[in-house]
Each structure stands twice: as C-alpha cells, then as structure tokens.
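Data first, discussion second: the structure below is written as structure tokens.
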Amino acid sequence: MLKRIFIFSLVLLVSSVKGFSFDRKGNDPQVVNIPYGAESEVVYNLSSGTYEVFANKKKIIADAYAIVKNKEQSISSKDYELIKYSETAVKDKFGVGKKYTIILTKSGLPQMEQVFYVYPGHDYFFTEVSLKGSNVKSNYMAPLISNSASIQAKGDNRTLFVPFDNDTFIRYNAKSMGAAVVENTSAEVGAVYENHSRKGLIVGSVEHLIWKTGVLTKGVGDDLSELRIWGGYTDEKVTRDKTIHGSISGSVVKSPKVFVGYFADWRIGLEAYGKANRIAEPPFVFNWTKPVPFGWNSWGVIQEKLTYEKAVKNVDFFANELPKFRNDETAYIDLDSFWDNFTGGMRGDYSKLKEFADYCKQKGLQPGVYWAPFTDWGFKSGGDREAEGSKYKFSEMWTKVGGNYHDFDGARALDPTHPGTKKRVDYIIDKLKACGFKMIKIDFLGHAAAESDVFYDKSVTTGMQAYKAGMEYLIDRMDGQMLVYAAISPNLATGRYAHIKRIACDAWKTIKDTEYTLNSVNYGWWQTYVYNFVDADHIVFADEKEGVNRARLTSGLISGTLILGDDFSSAGVWNETAKKLLQNEDLLAIPRSGVAFMPVNGNTGEQSNELFVRKIGNSLYLAILNFDGKKKVFTVPLDRLGIKKSSYKAKELFSGKGFAINKTLKYELNGADATIIKIELQ
C-alpha cells in the first residue's frame, strides 16, 4: 500500500513539470487530447503552449495559440515555462460535457489559463483565455491565433464579412478567395467555406456583455495564412467607434467565450452558432410565447407627416379592409418617429396619444410606438437644455470621446449609465406605458455601445458594458408590457433585449430595396435563432409594378415577420395591392412559422443570391427572386435543395397554380419579380 502511495505521489509531481501531464490513457504525456463531436478533437501540446484542431480526423487549424495584452505588454501562451492542465465535468445550458483548463505560469508574468469546453453531440467547442494576477489590465484578448488553417475543400471558397450592426446600409460580403490573397475582418463571427460542397469553418464569440469581438482571416483558396479571433475590436467603419476599445481591470480578466466548429454545411454551422448565442446569453427581456407578430409602421411612407387623423385612418383600413391580415387575431399598428406631433413635444400632453392607443384596441388591434432612448437629436441647439424627467442638462449626459462627443447618424450619443439618461428613460417609458402601448420599436441603439473616454458609472469601462447597463435598465422599466422591436442596433448583443430585430437598414419599395434587404437575409438569416424573430423592415408597395411588389412582399415573408409601411389613409393603387396580396392564406402561412429562410447559395459577394429555402411542416418552400430587368429561367437540381426523390407535386403561391417537378426544378420568371413555390414532401 505504501509503495502504491509513493508511485502515485511521484506521478503527480512529474505531471506538474513543464512538458508533462498525467495521462490515464497512456498517450504521449506531453499532449492533451480533447475530443468533441464525432471523431473530432483539440490536441494541446503542453511543451509548446500551442494546439491543433481536427475535424473528422482532418487537421483544420494548426499551431494555434493565445495572445493577450496586460497594459502595454503582449503575452503569448508560447512564452510560458510551466504548463499543466486539469479536466473536470461540466453540466450547464449546453448539456453535460467536460472542461479542460490549461494552466500556464512563468516568473514575472501573470498566470494564463486557456479553457476548452466540449460536449458530446456538438460539432463545435468553446475556448477562452484569461489572465490572473495583481492589477491585470487588458483591452486585447485573443484565445485563438493561427498562421495555418484549412477548410479542406477547394473550389469556390469564400470568407464572410459580418457587420457589427445594421446601420449605414452596410452589407454582408462573401469575399471570394480565388487566386489572390484576401484579408477580411468580420465583427463577432467569421465563416470560411466552399460554396459547392458547403464545407466550412465557423468561428465567433457567444458572449457580448463586455467585449466587441473581431475575426480576421487571411489567405487564398482553402488555405489560411492567418486566423485570429479577439476581444477588443474596434473599427469606425464597422463598430462605429471613434476610439480604441476600453480596458478591463482586476485580479482576473477573461476574454469572450469563442465558438469554433467545422461543418459539412456552413449554413448549418451558422445556425448552430446563432442557437449557441441564445443559450450562452439567454434573453433578458421576457420570452415571447405568443404567435408571430404582423403589423404596420408609419415610417414607410408617412414619416414626419404623421398626424392623429392619418394614424386613425390606417387603423380603420386594417380593421375594415384587411380582416385576414392577422396573427393571434390581431395586428400591431406602430407609430414611428414624430408621434410627438400628437403631444406637442416630449413634455407635452399625451392624451391624444392615449386616445390613439385606445382606438386601436377598440378595433381589435394592438398599438405600437417608437423611441431612440440613447440619442440626443437636438444637440445642435446646445447642451444647456434640460433633459426630460430631470434637471440634468444634456451636456452632462453626452458620451465623451477623445475630448469631444460621439456624433453619428445625425444624433449625439448619451451615456447609458448617466442618471440623467435613466431619468429620461423613466419619464418617456412611463408615459408610453400609461398610454397603453403594447409594442415599442427602439432605434439607434448602437449609440449606447460606443466606446468612451469615461462613463458616469466608473465600474463601466467598455462600450458593451455600457450597452448592457442601458438596455437592462430600459427593459426593466418596460416591466414586460410591450413587444420589443429593435431597429438599428448591434446584431448579436441585442439578442438579450429584443423580441424582433430588423435584419437590415431602412428599405422601402423598389427592387433595389428588396435586393439590399435580402443581402442581409442571405448572410444573416441565422439571427432568426438569436431572436424570437427577424424582420425585413416596413414593406412598401406604393405604385410599383406587380412583380416588384411580389418581390418586396417575398422579402418580408421569408424573413420571419411581416410589417407593412404604405400610407393606407390616402387613396392609391397600394390599397388594392395590399388587399390582393395580404389576404392570401397560402402566403400568410409562411411568416406564421416565424423562421427566416436560408440561402441556397453563398457566393454572391455583396449582393443577394436569388434562391431561399425553408422546410415548414411537411412542405419545402422555395423563394426565387429575379433582381434583373430581364426574364430569366432558373434551373435548380433538387439535391441542391436537400430533397432526394425524383418527383414532387408543387404549387406556385401567388397564382395558386399546381405543377409537377421531376429531378430538376425549372422556372421562368419575369425581370424584377419573385415567386414562392411550395413543394409537398409527402
């Protein structure tokens, strides 16, 4: 017995020496094998401070390491002398799995820990890096850097740019990795994939409460000469910041938790990433369990000309002329900006606004309203103005950046942590609640996420911490009374605070508006799993041709919810268009599922592809859009749609005409037009 104790003690002693670790499986003691998914693993080399990632026994990422900054000092996992590890069981929201902690120490350096989380059945893992020591301070933490990675697929290879938000009409971009080296920095998540085989690597942050995350890829073909993901990313053209990322201080500073996965289909990978975000950061707002919202918003056409009379006439139109445009027996009638025309200003008389809300309810509809809580639109009038709800001056509340202010989109950002900002939230939200509004569209939320020289709350040091503080205060003040719709806002960080997220920036009536919106659906549809629903913005018909209107409606139908935008208080062809299209039960059944369609292809750069698909119940729905001015014949092999039989019955939903499909779907479509085909799978 004493001999056994001596041998076990000797093994423990050896396991703490650099380059060795106790391994019960008898493998190389210098290597830690971290299995995940099916026949995939991370292999960590304890002697070098690097690791490799294998997917289905193929090496995807080689010689990966971590780099963090402590103040101005850059520290790599390769710098340490003593490396050991521990393995523990975990049970959390992702299931039962294992946590592998690599502990790195060296005299004169803070302790570094690289952590890997793996779960059976998931074709991805999580990793993060932290520093421990006295007075650690960092604004850069990269848990994964590699100078050699490959998706093991040659052909039409792409690296995807994902925007941080949906402002400035920014576009997603599936950049071609052809003969020349392509460098791409994406916000929060990156995807590298081959369009034909669809094999792809997805790397992205699932935590957004502290850090803004960047994903850099550089390479040609299927080979990457650089892959890097880090917390601490800012870029004025992407994150809108006009200064560097704020720093985190303390005895322990941790990076964002990073999702890493290799998938047979990059689209499935991005959907898995979207779902992982909602699990990692569950909604702070109450979960929406009612049916998918349908509705109308005044910004589509009326805009600043909003009056009580126009608003009421639009209510009457939905009540009397569109009785079938409902879900859960109701629809939402949403007043956008300039509802204060009813009140004579934010401090005015809200009785007319309450009268409108009551009128909606009398007609079986739900009233909605709008506000941009973290912006000062009147800053050009000076800062001595008192903010609503308090004696604080706006100049006290402005976000400070480089000795100046954060001006963007024509508005000045307000510090979300300032008591004046909070008092203003109290005042406006309480007024709107008292009026009885059941929906609110909140806008220009990115202003609350701006990096600042200093925040009023000194415990807040990064833009995302400020965003969390402001949004949590706002949602708490709503007290569960309203459906929350986020317009311009960070794409991923807003998932905790909104039921609906607008997928792109403003869009109106033209085929160009439709194509712009669908670029975001094409490459950002997976956000349907970050939120309860995503939305294609107000659908405006106006006096466009029938085909253009079918395309614009299609963009809404396949995004997940349906919000209209015409001025139905005035006579025009758009009224008849709405009555014709918006009482078609076959069409309305699509958004009632609440799930955005996925793209068939991902090789269109900054443009949208023309094919979108989604299985709903026992049917497969295929949306085809022709953005060109000329007639076009679409030829789609059925296996590209993920269905295997040689023949199916189908129905074109705008016309209601049935037809048969054999092996390949061929469909002729006019220029600037769209169709939705329902394919019966049984």
Side-chain angles (χ1 to χ4, degrees), residues 156 158 169 171-176 178 195-196 503-523 525 536-537 539-559 565-566 573-574 576-578 580-581 584 586-587 590 597-614 620-641 650-679:
D156 186 2
R158 301 278 166 164
F169 298 93
R171 284 178 176 259
Y172 294 70
N173 191 353
K175 300 179 181 179
S176 175
N195 183 60
H196 299 300
I503 194 70
C505 200
D506 293 293
W508 287 273
K509 62 180 183 176
T510 69
I511 195 69
K512 290 183 178 179
D513 288 317
T514 296
E515 186 279 323
Y516 160 71
T517 298
L518 289 178
N519 161 266
S520 295
V521 178
N522 200 140
Y523 296 110
W525 87 96
D537 201 16
I539 305 299
V540 175
F541 299 129
D543 53 1
E544 293 287 334
K545 294 179 180 179
E546 287 187 10
V548 174
N549 283 333
R550 280 191 290 267
R552 188 69 181 106
L553 177 59
T554 296
S555 71
L557 295 172
I558 68 175
S559 293
D566 281 286
V573 65
W574 48 89
E576 297 308 313
T577 300
K580 178 181 178 181
L581 293 177
N584 180 328
D586 283 338
L587 295 176
I590 296 171
F597 282 37
M598 67 162 54
V600 173
N601 295 304
N603 62 341
T604 52
E606 287 191 302
Q607 305 304 306
S608 173
N609 103 108
E610 300 161 314
L611 307 174
F612 295 83
V613 66
R614 177 62 69 186
L620 188 78
Y621 290 81
L622 174 67
I624 306 176
L625 297 105
N626 185 356
F627 303 116
D628 297 331
K630 296 180 180 180
K631 186 178 294 186
K632 186 174 180 179
V633 176
F634 290 84
T635 303
V636 187
L638 296 184
D639 60 358
R640 191 67 176 164
L641 302 179
K651 181 181 180 182
E652 199 285 321
L653 298 188
F654 284 99
S655 66
K657 293 180 180 178
F659 61 98
I661 302 174
N662 292 297
K663 296 184 180 179
T664 298
L665 187 153
K666 287 189 177 183
Y667 197 89
E668 184 177 79
L669 191 60
N670 290 327
D673 203 346
T675 182
I676 300 177
I677 297 170
K678 181 181 180 181
I679 303 171

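Hydrogens, waters and symmetry mates are skipped; everything else that's a heavy atom, side chains included, is used.
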**Request:** For the pair Asn584 (side chain) and Leu587 (backbone), establish whether a donor and an acceptor sit closer than 3.5 Å, ignoring hydrogens and angles.
**Result:** yes
**Asked** Excluding sequence neighbours, so at least two apart, what forms side-chain hydrogen bond (donor to acceptor under 3.5 Å, both in side chains) with Asn609?
**Response** Asn522
**Request:** Would you give the length of the straight line joining atom CG of Asn519 to atom OG of Ser555, rounded to the nearest 0.5 angstrom?
**Result:** 12.5 Å
**Prompt:** Taking C-beta and beyond as the side chain, do Val573 and Phe541 meet within less than 4.5 Å on heavy atoms?
**Reply:** no
**Message:** For Lys651, I'd like to know if atom NZ has over 12 heavy atoms of other residues, nucleotides or ligands within 6.0 Å.
**Reply:** no
**Distance, nearest 0.5 Å, that separates CZ of Arg158 from OH of Tyr523** = 6.5 Å
**Complete:** Rounding to 0.5 Å, atoms OG1 (Thr635) and CD (Glu668) come to a distance of 10.5 Å
**Prompt:** Is any side-chain heavy atom of Arg614 closer than 4.5 Å to a side-chain heavy atom of Ile558?
**Reply:** no
**Item:** Thr604 OG1 to Glu515 CD distance, which is reported to the nearest 0.5 Å
**Value:** 8.0 Å
**Complete:** Heavy-atom nearest pair, Ser520 first then Ile503, reads CB-O, 3.5 Å
**Asked** Does some side-chain heavy atom of Val540 sit less than 4.5 Å from a side-chain heavy atom of Arg552?
**Response** no
**Test item: Leu665 and Ile679 side chains (from C-beta on) under 4.5 Å apart, heavy atoms** = yes
**Chi angles and distances behind the side chain to side chain contact (heavy atoms under 4.5 Å, CB included) call for Arg550, Thr675** = CA-CA 7 Å; Arg550 280 191 290 267; Thr675 182; over 6 Å; no
**Request:** Evaluate the side-chain proximity of Tyr667 to Glu652: yes if any heavy-atom separation is below 4.5 Å, no if none is.
**Result:** yes
**Prompt:** Do Thr577 and Leu553 have side chains that get closer than 4.5 Å, going by heavy atoms?
**Reply:** no
**Leu611 side, atom CG; Leu641 side, atom CG - distance, nearest 0.5 Å** = 7.5 Å
**Fill in**
So OG1 of Thr554 and CD1 of Ile624: to nearest 0.5 Å the spacing works out to 10.5 Å
**Asked** Taking it one step at a time, do Leu653 and Ile590 satisfy side chain to side chain contact (heavy atoms under 4.5 Å, CB included)?
**Response** CA-CA 10 Å; Leu653 298 188; Ile590 296 171; 3.9 Å; yes
**Message:** side chain to side chain contact (heavy atoms under 4.5 Å, CB included), that's the test. Do Phe597 and Leu557 meet it? Break it down for me.
**Reply:** CA-CA 9 Å; Phe597 282 37; Leu557 295 172; over 6 Å; no
**Asked** Taking the side chain from Tyr516 and the backbone from Ala504, do they hold a donor-acceptor pair closer than 3.5 Å?
**Response** no
**Prompt:** So Asp506 and Phe169, side chain to side chain contact (heavy atoms under 4.5 Å, CB included) or not? Walk me through it.
**Reply:** CA-CA 8 Å; Asp506 293 293; Phe169 298 93; 4.2 Å; yes
**Message:** Tell me whether Asp586 is salt-bridged to Lys678, with the criterion being a basic N under 4.0 Å from an acidic carboxylate O.
**Reply:** no
**Fill in**
Minimal heavy-atom distance between Ile511 and Asn626, with the atoms involved, is CD1-O, 4.2 Å
**Side-chain touch Lys509/Asp543, heavy atoms, less than 4.5 angstrom** = yes
**Prompt:** Can you tell me if Asp566 uses its side chain to pair, donor with acceptor, with the backbone of Ala542 under 3.5 Å?
**Reply:** yes
**Residue pair Ala507 / Asp537: nearest heavy atoms and the distance that separates them** = N-OD2, 2.8 Å
